[in-house]
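Let me begin by presenting the structure, written as structure tokens, before commenting on it.
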Amino acid sequence: MAARASLTLPLALLVSMALGSGAHAADFEDMSRCSSADVKALKVFNVGQASLFRADCGAADPLAPPLRLAFGYNREGPGDAFAKAARKMIERNVSEETFETLKERIDAFNSHYRTTRDGDRYTLDYD
């Protein structure tokens, strides 16, 4: 059973953790969906859904790996818009010092966003 919740902070934390470590994929098949939320464009248009998966949704440490953030898209969305939104979310959810430390890696990571199409699926894994 998945709880509906905002994924802004989990997304920001997952991306910043992935940027700050040599994370690699693990076996994520038995993880539970802990939360999910619509992915919005311009705060209005639903372009898909994001879900946060964990081995234990009730774990005391919300950042304890492994974690998976999965995105499913139901329409086209420009890659540069995702990059700008991700950068803004991370900047809002970490300290200024942390953001400055990660800024170059965030921009390098965000340069890989591509325009999505209906049915595209992406995952970010943190192990």
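Because the structure is a prediction, the values reported are computed rather than measured.
The shortest heavy-atom contact between Ala70 and Thr123 is CB-CG2, 3.9 Å. Across every non-hydrogen atom of Thr115 and Pro78, the tightest pair is OG1-CA, 3.7 Å.
Pairs passing the disulfide bond (SG atoms under 2.5 Å apart) check and including a residue from residues 73-127, sequence neighbours excluded, do not occur. Applying the salt bridge (charged side-chain N to carboxylate O under 4.0 Å, His left out) rule to pairs touching residues 109-120 yields Glu76-Arg117, sequence neighbours excluded. Applying the disulfide bond (SG atoms under 2.5 Å apart) rule to pairs touching residues 41-78 yields Cys34-Cys57, sequence neighbours excluded. For the disulfide bond (SG atoms under 2.5 Å apart) condition, no pair includes a residue of residues 64-111, sequence neighbours left out. Listed by first then second residue, pairs satisfying disulfide bond (SG atoms under 2.5 Å apart) with a partner in residues 97-127 number zero, not counting sequence neighbours. Sorted pairs that involve residues 51-61 and meet salt bridge (charged side-chain N to carboxylate O under 4.0 Å, His left out), not counting sequence neighbours, are lacking altogether.
Taken to the nearest 0.5 Å, the CE atom of Met31 stands 6.0 Å off from the CG atom of Leu67. Here the OG-CZ distance, from Ser36 to Phe71, works out to 12.0 Å after rounding to the nearest 0.5 Å. Rounding to the nearest 0.5 Å places CZ of Arg121 at 9.0 Å from CD of Gln49. Atom NZ of Lys88 sits about 14.5 Å away from atom CD1 of Ile106, to the nearest 0.5 Å. Here the straight-line distance linking atom CZ of Phe45 with atom CG of Asn74 works out to 13.0 Å at 0.5 Å rounding.
The side-chain hydrogen bond (donor to acceptor under 3.5 Å, both in side chains) check on Arg87 picks up Asp107, with sequence neighbours excluded. Residues satisfying the side-chain hydrogen bond (donor to acceptor under 3.5 Å, both in side chains) criterion with Arg75, sequence neighbours excluded, are absent altogether. Taking the ring pair (Phe, Tyr, Trp, His ring centres under 6.0 Å) definition, one finds that Phe82 meets it with Tyr73, sequence neighbours left out. Looking at residues two or more places apart in sequence or on another chain, you find a side chain to side chain contact (heavy atoms under 4.5 Å, CB included) between Ala83 and Asn110, Tyr113. Residues passing the side-chain hydrogen bond (donor to acceptor under 3.5 Å, both in side chains) test with Ser95 are Thr98, sequence neighbours excluded. Evaluation of the side-chain hydrogen bond (donor to acceptor under 3.5 Å, both in side chains) rule for Glu91 yields no partner, not counting sequence neighbours.
Proximity of Leu124 to Phe109: side-chain heavy atoms (C-beta onward) are separated by under 4.5 Å at one or more points. Side-chain contact between Tyr122 and Thr116 is present, with at least one heavy-atom pair separated by less than 4.5 Å.
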